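Report on the structure given below.
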Amino acid sequence: MSSAHPIRESVAEQFAQELLAVEARANRRTALVAMRGELDLVSVSKVAEVFDELEASRDGVRHSVLDLRGLTFVDAPELRELLKRNDSARDNRHNLAVVRGADAIQRLLELTGVEEMLVLVDDPDV
């Protein structure tokens with residue numbers, strides 16, 4: 001006997017939506033992914049989903065820009081997702097640029113050494 005109840009989002013998924021907003025748009029050959037809020041263990045899957053959707057529908061997109069300016073918090077382990085996306089871009093011969101975030105976010109990138117592994121820019125239109 002099957003139930004016709006709608007599937008509800010988990011509490012974690014609802015919480016992630018409150019913590020992080022991710023906007024993605026493509027313009028010609030460039031995709032921009034902008035984040036606002038907190039990037040942590042709960043919300044990092046949202047970023048991964050957006051990147052996976054972009055990769056599935058590339059349609060000539062050769063450049064990706066990840067905008068960190070709207071982030072207020074990044075948990076250090078979640079920097080792995082940024083590095084994973086950077087490696088994926090390189091493996092697929094795409095360019096990934098990361099727009100520098102607030103001072104606290106930039107400091108985390110410096111302290112963890114992640115800054116050395118990414119192409120950092122000041123302007124998302126680069």
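FYI, side chains are in, hydrogens and waters are out, and symmetry mates aren't considered; it's all heavy atoms of this structure. Small disclaimer: the values here were computed from a predicted structure and weren't measured.
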Can you hop from L71 to V50 via hydrophobic side chains spaced under 4.5 Å? yes
Selection residues 66-83 - residue pairs positive for side-chain hydrogen bond (donor to acceptor under 3.5 Å, both in side chains), sequence neighbours left out: D67-R69, E81-R85
Give me the atom names and distance for the closest heavy-atom approach of L32 to P124. CD1-CB, 4.1 Å
Determine, using the 4.5 Å side-chain heavy-atom cutoff (strictly less than), whether L83 and V22 are members of one ILVMFWY cluster. yes
Partners passing side chain to side chain donor-acceptor pair (under 3.5 Å) against D87 (at least two apart in sequence or in another chain): none
Between CZ of R62 and OG1 of T30, what distance do you get to the nearest 0.5 Å? 11.0 Å
As a quick check of understanding, evaluate side chain to side chain contact (heavy atoms under 4.5 Å, CB included) for V65 and N95, giving each step before the final call. CA-CA 8 Å; V65 179; N95 298 317; over 6 Å; no
I need the single residue from L79, L19, L20 that forms a side-chain contact (heavy atoms from CB on, under 4.5 Å) with L39. Which is it? L20
Are the side chain of D40 and the backbone N or O of S43 linked by a donor-acceptor pair below 3.5 Å? yes
Assess whether side chain to side chain contact (heavy atoms under 4.5 Å, CB included) is satisfied between L118 and L66, documenting all intermediate values. CA-CA 11 Å; L118 301 172; L66 181 59; over 6 Å; no
How would you list, by chain and number, every residue that makes a side chain to side chain donor-acceptor pair (under 3.5 Å) with R25, sequence neighbours excluded? E23
Distance-only criterion, 3.5 Å: show the donor-acceptor pairs between side-chain atoms of residues 96-108 and protein atoms not counting sequence neighbours.
| residue | atom | partner | partner atom | Å |
| --- | --- | --- | --- | --- |
| R100 | NH1 | D122 | OD1 | 3.1 |
| Q106 | NE2 | E115 | OE2 | 2.8 |
| R107 | NH1 | E110 | OE1 | 3.4 |

In the single-linkage hydrophobic clustering (I, L, V, M, F, W, Y; side-chain heavy atoms under 4.5 Å), do V74 and L120 co-cluster? yes
